[in-house]
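We count ligands from 1, going down the list as the structure has it; atoms in each ligand are counted the same way.
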Amino acid sequence: MSSPLRLGVNIDHVATIRNARGGNHPDPVDAAKLAVKAGADGITAHLREDRRHISDNDITRLCNEVNRPLNFEMAATDEMLEIALGHIPHAACIVPEKREERTTEGGLDVVSGYDRLKPYVETLVKAGVRVSMFIEPDPAQLDGAKALGAPVIELHTGAYCEAMGANRERELARIIRAAEHAEKIGLECHAGHGLTFDTVAAIARIPSIAELNIGHFLIGEAIFIGLEQSIRSMRQKMDEARA
Ligand code: PXP
C-alpha cells in the first residue's frame, strides 16, 4: 500500500548565493519558512566541514525559527557529532564528504565503513535523533545500514538523474529493487540528489519511499518562477505521481 510521500526541501544553495557576497541576503531561514508555506514537510541542510554554504548560525536558527522537522546532513566526524548533539535535530542524514567535491558524489560505503560509522550512529540514535544513511541503491549497502542500527536509508538518485535512455531505466530499476529491499528488512526509505521536474515522478511512484529530499533544482528554478512556485510545482508532481 502507498504511504504519504514527504518533501524535504534542501536550502543549502540559498546560502551558496548569500555567501557569494558575504552578507545576509538571501537568508536561508526565510527560504525555509517560505518552503514550509509552499508545502515542504521538512527542511534539509548540510553543514559542510568547509562551511561553503550553510553556517553554524543557520543551523541554530533553523532549529529555533522553523516549525518543521530539520534533517541535518552531516559527515561522520567528531565536530559534526558535537553540533548535532548540541541541537538534537529531528533527523540526521550521514553523508560522505570530500572537501574538493562539488556536491555529495556517491553514497557512503557503510559496509567497509562499519567500524568507523558505528559509534556515530549509536550515539545519535541513543540521543533520539532519527538517523539515515545516504547510500547507493545496492542491497549490500542496505543490509550494512541495517547492521549499523540506522532506522532510515536515503537512496542516492544521482546516477538515475544523470543517465539517459536505457541507462536511466536500469538505474531506476536498481532504485525500485533497493526500495523493495528496504521495506523487506524494515528500513524507512528516503531518496534524493539531482531530482528535477522531469525525473521526480518515477521516484515518487515507488510506493515504499517515504520522503524525497530536493534542493539544487528547486533553488535554480526559483530564478525563473520564484521559490514558492518552484516548490508548489514539485509538490504537485510528487502528489500526482503518488496518487
Ligand atoms: N540528499 C542528500 C543526502 C544530499 O547530500 C543532497 C545534496 O546536498 C540532496 C539530497 C539534495 O540533492 P539536490 O540538491 O541535488 O537536490
Side-chain angles (χ1 to χ4, degrees), residues 5-17 19 28 31-32 35 40-54 58-59 62 69-77 80 84 89-99 101-110 117 120 124 129-137 141-142 145 150 152-163 171 175 178-179 187-201 203-204 209-223 227 230-231 233-235 237-238:
L5 179 59
R6 297 190 300 269
L7 170 61
V9 171
N10 181 316
I11 42 90
D12 291 351
H13 295 301
V14 178
T16 301
I17 298 170
N19 294 359
D41 300 290
I43 299 299
T44 294
H46 184 179
L47 184 66
R48 293 187 78 105
E49 188 190 8
D50 63 8
R51 308 300 197 269
R52 69 175 72 156
H53 37 56
I54 292 294
D58 292 333
I59 296 294
L62 287 168
L70 175 67
N71 176 29
F72 179 66
E73 285 184 6
M74 56 176 273
T77 64
M80 289 303 149
H90 166 77
C93 180
I94 304 188
V95 301
E97 193 176 304
K98 292 189 226 103
R99 213 175 252 272
E101 71 189 353
R102 260 188 295 181
T103 180
T104 313
E105 293 162 0
L108 259 183
D109 185 347
V110 297
L117 294 166
Y120 293 99
L124 287 164
V129 179
R130 198 153 169 80
V131 176
S132 77
M133 312 303 288
F134 188 46
I135 57 174
E136 293 296 322
Q141 291 296 329
L142 275 80
V152 183
I153 46 107
E154 180 166 329
L155 300 176
H156 197 306
T157 51
Y160 153 74
C161 290
E162 279 168 25
E171 291 298 335
I175 294 170
L187 290 171
E188 183 174 313
C189 187
H190 300 176
H193 207 280
L195 291 169
T196 66
F197 288 159
D198 292 336
T199 53
V200 76
I203 301 297
I209 292 184
E211 178 174 309
L212 301 182
N213 285 298
I214 310 180
H216 183 267
F217 177 82
L218 290 173
I219 308 306
E221 192 62 12
I223 291 170
L227 185 59
S230 162
I231 294 168
S233 297
M234 186 62 85
R235 173 88 260 175
K237 285 180 195 302
M238 286 168 55

Only counting residues at least two apart or in another chain, list the ones meeting side-chain contact (heavy atoms from CB on, under 4.5 Å) with Asp109.
-> Val111, Ser112, Gln141
Is there at least one pair of N or O atoms, one from Gly215 and one from ligand 1, spaced under 3.5 Å apart?
-> yes
Which of the atoms of ligand 1 are close to Ile214, meaning less than 4.0 Å from one of its heavy atoms?
-> 16 (O)
Below 4.0 angstrom, N of the basic side chain to O of the carboxylate: do Glu188 and Arg130 qualify?
-> yes
Heavy-atom nearest pair, Leu195 first then Phe217, reads O-CB, 3.3 Å
Should the proximity of Glu154 to ligand 1, defined as any heavy atom under 4.0 Å, be assigned to the side chain, the backbone, both, or neither?
-> side chain
For His216, atoms of ligand 1 separated by under 4.0 Å from a heavy atom = 13 (P), 14 (O), 16 (O)
A student checking ligand 1 against Gly194 at a 4.0 Å heavy-atom cut-off should list atoms 12 (O), 13 (P), 15 (O), 16 (O)
Is Asn213 in polar range of ligand 1, meaning some N or O pair under 3.5 Å apart?
-> no
Show which atoms of ligand 1 fall inside a sub-4.0 Å distance from at least one heavy-atom site of Val95.
-> 3 (C)
Parallel, tilted or perpendicular for His13 and His216, by the 30°/60° rule?
-> perpendicular
side-chain contact (heavy atoms from CB on, under 4.5 Å) partners for Ala45, two or more places apart = Ile11, Asp12, Ile54, Ile59, Leu62, Leu70
Check if Phe134 has a non-hydrogen atom at a distance under 4.0 Å from any atom of ligand 1.
-> yes
In Å and rounded to the nearest 0.5 Å, what is the CG to CD distance from Asn213 to Glu73?
-> 6.5 Å
Option nearest atom 3 (C) of ligand 1 (shortest heavy-atom distance, choices His190, His156, Glu73) = Glu73
Pair Asp41 + Arg235: basic N to acidic O under 4.0 Å | yes
Go through ligand 1 atom by atom and flag the ones less than 4.0 Å from a non-hydrogen atom of Asn10.
-> 8 (O)
